[in-house]
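Below: one structure, written as structure tokens.
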Amino acid sequence: MALQRRRRQERRGVPEVPVAASLVAAALLIVIILASHSLLLASSPLLDRSVAPASHRPTPLAKLSSVVLLKNPMQRRRKAADAFRVPIGGDSAVIDLWGLERPKGYYGCSNATGEFATAEANTLPHRYLMIATSGGLNQQRTGITDAVVAARILNATLVVPVLDQTSFWKDASDFADIFDVDWFIASLAKDVKIIKELPRNDGEAIQTPYTMRVPRKCSPKCYNSRVLPVLMKKHVVRLTKFDYRLSNKLETDLQKLRCRVNYHGLKFTDQIQAMGDILIQRMKAKSKNFVALHLRFEPDMLAFSGCYYGGGDKEKTELGKIRKRWRTLHAKNPEKERRNGKCPLTPEEVGLMLRALGFGKDLHLYVASGEIYGGEETLAPLKALFPNIHSKETLATKEELAPFSLYSSRMAALDFIVCDSSDAFVTNNNGNMAKILAGRRRYFGHKRTIRPNAKKLYSLFLNKTSMSWGAFSSKVRTFQKGFMGEPNEGRRGGGEFHENPSACLCETSQVSDSYLWTNFGNKDAKGNNISKNDLEVTDYLDYTSSSNGTEPENDVFMKQEESDLEEIVSD
């Protein structure tokens, strides 16, 4: 009986709870647990979510997913089997990423030798060469540079070249709208006689020009055999579609003339230069150092290259329609083009390359580009890796850009100025602007210039998710040797002359403070006096210590591999 009473008392001590109340309590408990778990994840030092494609081949149309960025350096030691994770701060750089101090013994030198006759002695009467350039701004720039040399070869007077106004870009700008034409004529006066237009008799041009075209890479012998007989008979010859119509290899004095034209004779107009300087100042106000990225990922570029970025039938249809503009363009194997390094890197691939080289998320990046295929969706992975992205459109007001915005070449000129003045210049392609700026930055002190080794990076991007970040970044650095703008990378004279002006890169054990005025004299194009302090060492001065470049004893970097995208839209 006593046992039964105790059991009844125990049952009375546990109050009965309704079923509904029990369910509510259980639900509240689950909510509390989930909320606590979320707080723990948010405060975890391992996670900083950033958008990046899950696919090994990132595309404007590919589905995007989240990638974990590691804040804690200890997490970088995960095994290769772990998920591919991008560190927040960037790895420690093996080299100085912010440019190079002027390399001892290397300097730009473009003075003519004593055997190079003056324009007065070289130019023969009744010979006038007219040039119609082709393509966009930088393609036209190569044409203008080579036009001066062609006139020199033919002993002719050069009429200021006419810019292409009918190509893909449909820019109505004349030479004088982009370049300082008076400076162009005066600065090269001792090399080639240049006039603004043909002489006239009673208001009429002295003679109707005979129009013809020369083959690509035409040598001096080619000009003398094909053009000279016509010039002697007709007196005025106009060469059309003039881009890359001069041989890459010329005698030293003609190569140096190329450098005098490209690096000294071609100056942008005061209006364009002033706006470019404003953009540079605003970039430097945001960060002590900044990187400029020339990002060619426009629809026309992708269509012409024949590359495919995983966007399915929509991408193939859209780019296929653009490809039809070039009737003679043969079909290409997209996979083969990518494998051979002939496709521009995607914005995400450029971002991963830069992060692997050591640039952190706090980097300020100036992006020079046209309309990006896929728009913001394509740029999202790059912006996730580098949030501080700027462009001329974000740095300047619409009112400030109004004089330039309707002209693609003038807008491209602004990008050219900022890229040239950046602490490090990066490109995702091997087009005209990339080549010209690579050569220019070599000539003016070997400033840091990073160009992707696309052929080797392709397989790395293809398989990146199967390795750790440490393994990935190590391979990127290995593959990029010889593509970082070092003065002794590649073999001297390798590649296009515009990207590696070897005849104008001199070497000496000790640069002397003594100097000679170049053929510009000590006055500018308008007759104003120029002081020594107004000139850069590698700009208008030449050293007395050495006149010829020499081959480096040891080439410690891999020979740069060429990507030979056609020039037609590779500006």
Side-chain angles (χ1 to χ4, degrees), residues 133 135-142 144-145 163-165 167-181 183-184 262-287 289-298 300-301 347 364-372 379 388-429 431-441 444 447 449 498 569-571:
T133 62
L137 174 67
N138 296 290
Q139 196 168 335
Q140 290 174 352
R141 190 183 186 109
T142 63
I144 294 167
T145 298
L163 302 188
D164 185 355
Q165 299 178 343
S167 66
F168 179 84
W169 292 269
K170 291 182 172 56
D171 189 320
S173 300
D174 293 322
F175 188 101
D177 293 322
I178 299 175
F179 301 107
D180 186 331
V181 65
W183 172 267
F184 177 70
N262 197 10
Y263 305 135
H264 304 295
L266 284 175
K267 286 177 57 177
F268 292 118
T269 62
D270 291 342
Q271 184 185 37
I272 291 175
Q273 187 63 51
M275 188 68 239
D277 290 340
I278 290 173
L279 295 175
I280 294 169
Q281 292 168 7
R282 290 176 183 173
M283 280 301 300
K284 289 188 175 295
K286 295 180 179 296
S287 178
N289 298 309
F290 74 92
V291 170
L293 166 62
H294 183 225
L295 186 61
R296 282 305 313 268
F297 210 73
E298 298 92 341
D300 65 283
M301 175 67 164
H364 281 263
L365 189 64
Y366 179 91
V367 177
S369 70
E371 176 190 359
I372 298 297
L379 286 172
N388 301 314
I389 285 183
H390 314 278
S391 66
K392 52 187 176 295
E393 289 82 5
T394 63
L395 293 171
T397 65
K398 289 185 178 179
E399 291 72 22
E400 288 175 318
L401 292 178
F404 318 98
S405 57
L406 297 179
Y407 305 94
S408 60
S409 290
R410 300 181 207 183
M411 293 289 273
L414 296 179
D415 282 337
F416 187 99
I417 292 170
V418 180
C419 289
D420 187 38
S421 298
S422 62
D423 299 285
F425 171 63
V426 183
T427 177
N428 75 323
N429 67 94
N432 293 309
M433 183 168 170
K435 291 177 181 178
I436 290 175
L437 277 172
R440 184 178 178 86
R441 291 170 72 88
F444 288 109
K447 292 192 289 183
T449 303
H498 295 287
V569 293
S570 60
D571 212 53

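Note that the structure is predicted; figures quoted are calculated from it, not measured.
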What residues, two or more places apart in sequence or in another chain, satisfy side-chain contact (heavy atoms from CB on, under 4.5 Å) together with [X]?
X: S422; result: F290, A292, F425, R441
X: Y407; result: D171, S173, R410
X: S421; result: I280

From [atom1] ([X]) to [atom2] ([Y]), nearest 0.5 Å:
X: D277; Y: I272; atom1: CG; atom2: CD1; value: 12.0 Å
X: S369; Y: H294; atom1: OG; atom2: NE2; value: 8.0 Å
X: S405; Y: E400; atom1: OG; atom2: CD; value: 12.0 Å
X: L266; Y: I436; atom1: CG; atom2: CD1; value: 9.5 Å
X: D415; Y: S391; atom1: CG; atom2: OG; value: 8.5 Å
X: F416; Y: M433; atom1: CZ; atom2: CE; value: 6.5 Å

Less than 4.5 Å apart, any side-chain heavy atom of [X] and any of [Y]?
X: L279; Y: I417; value: no
X: H498; Y: N262; value: yes
X: Q139; Y: D164; value: no
X: P403; Y: M275; value: no
X: F179; Y: Q140; value: no
X: H390; Y: M283; value: yes
X: D180; Y: Q273; value: no
X: L437; Y: T449; value: no

Closest non-hydrogen atom pair, [X] against [Y]:
X: T269; Y: A176; value: CG2-O, 3.4 Å
X: N428; Y: L293; value: N-CD1, 4.4 Å
X: S287; Y: H364; value: CB-CD2, 3.5 Å
X: T427; Y: A434; value: OG1-CB, 3.6 Å
X: D177; Y: A172; value: OD2-O, 4.5 Å
X: W183; Y: H264; value: NE1-O, 2.7 Å

Audit row: K447, D420, side-chain contact (heavy atoms from CB on, under 4.5 Å) steps and yes/no: CA-CA 9 Å; K447 292 192 289 183; D420 187 38; 4.2 Å; yes
Residue pair N429, M301: steps toward the side-chain contact (heavy atoms from CB on, under 4.5 Å) verdict: CA-CA 10 Å; N429 67 94; M301 175 67 164; 4.0 Å; yes
For the pair I372 and L295, evaluate side-chain contact (heavy atoms from CB on, under 4.5 Å) and give the outcome as yes or no after the intermediate values. CA-CA 8 Å; I372 298 297; L295 186 61; 3.9 Å; yes
Mind running side-chain contact (heavy atoms from CB on, under 4.5 Å) on D174 and L163 for me, showing each step along the way? CA-CA 6 Å; D174 293 322; L163 302 188; 5.9 Å; no
Can you confirm if the NZ or CZ of R141 lies within 45° of the ring axis of F268 and under 6.0 Å from the centre of its six-membered ring? yes
Would you please classify the geometry between the F175 ring and the F184 ring as parallel, tilted or perpendicular, with 30° and 60° separating the classes? tilted
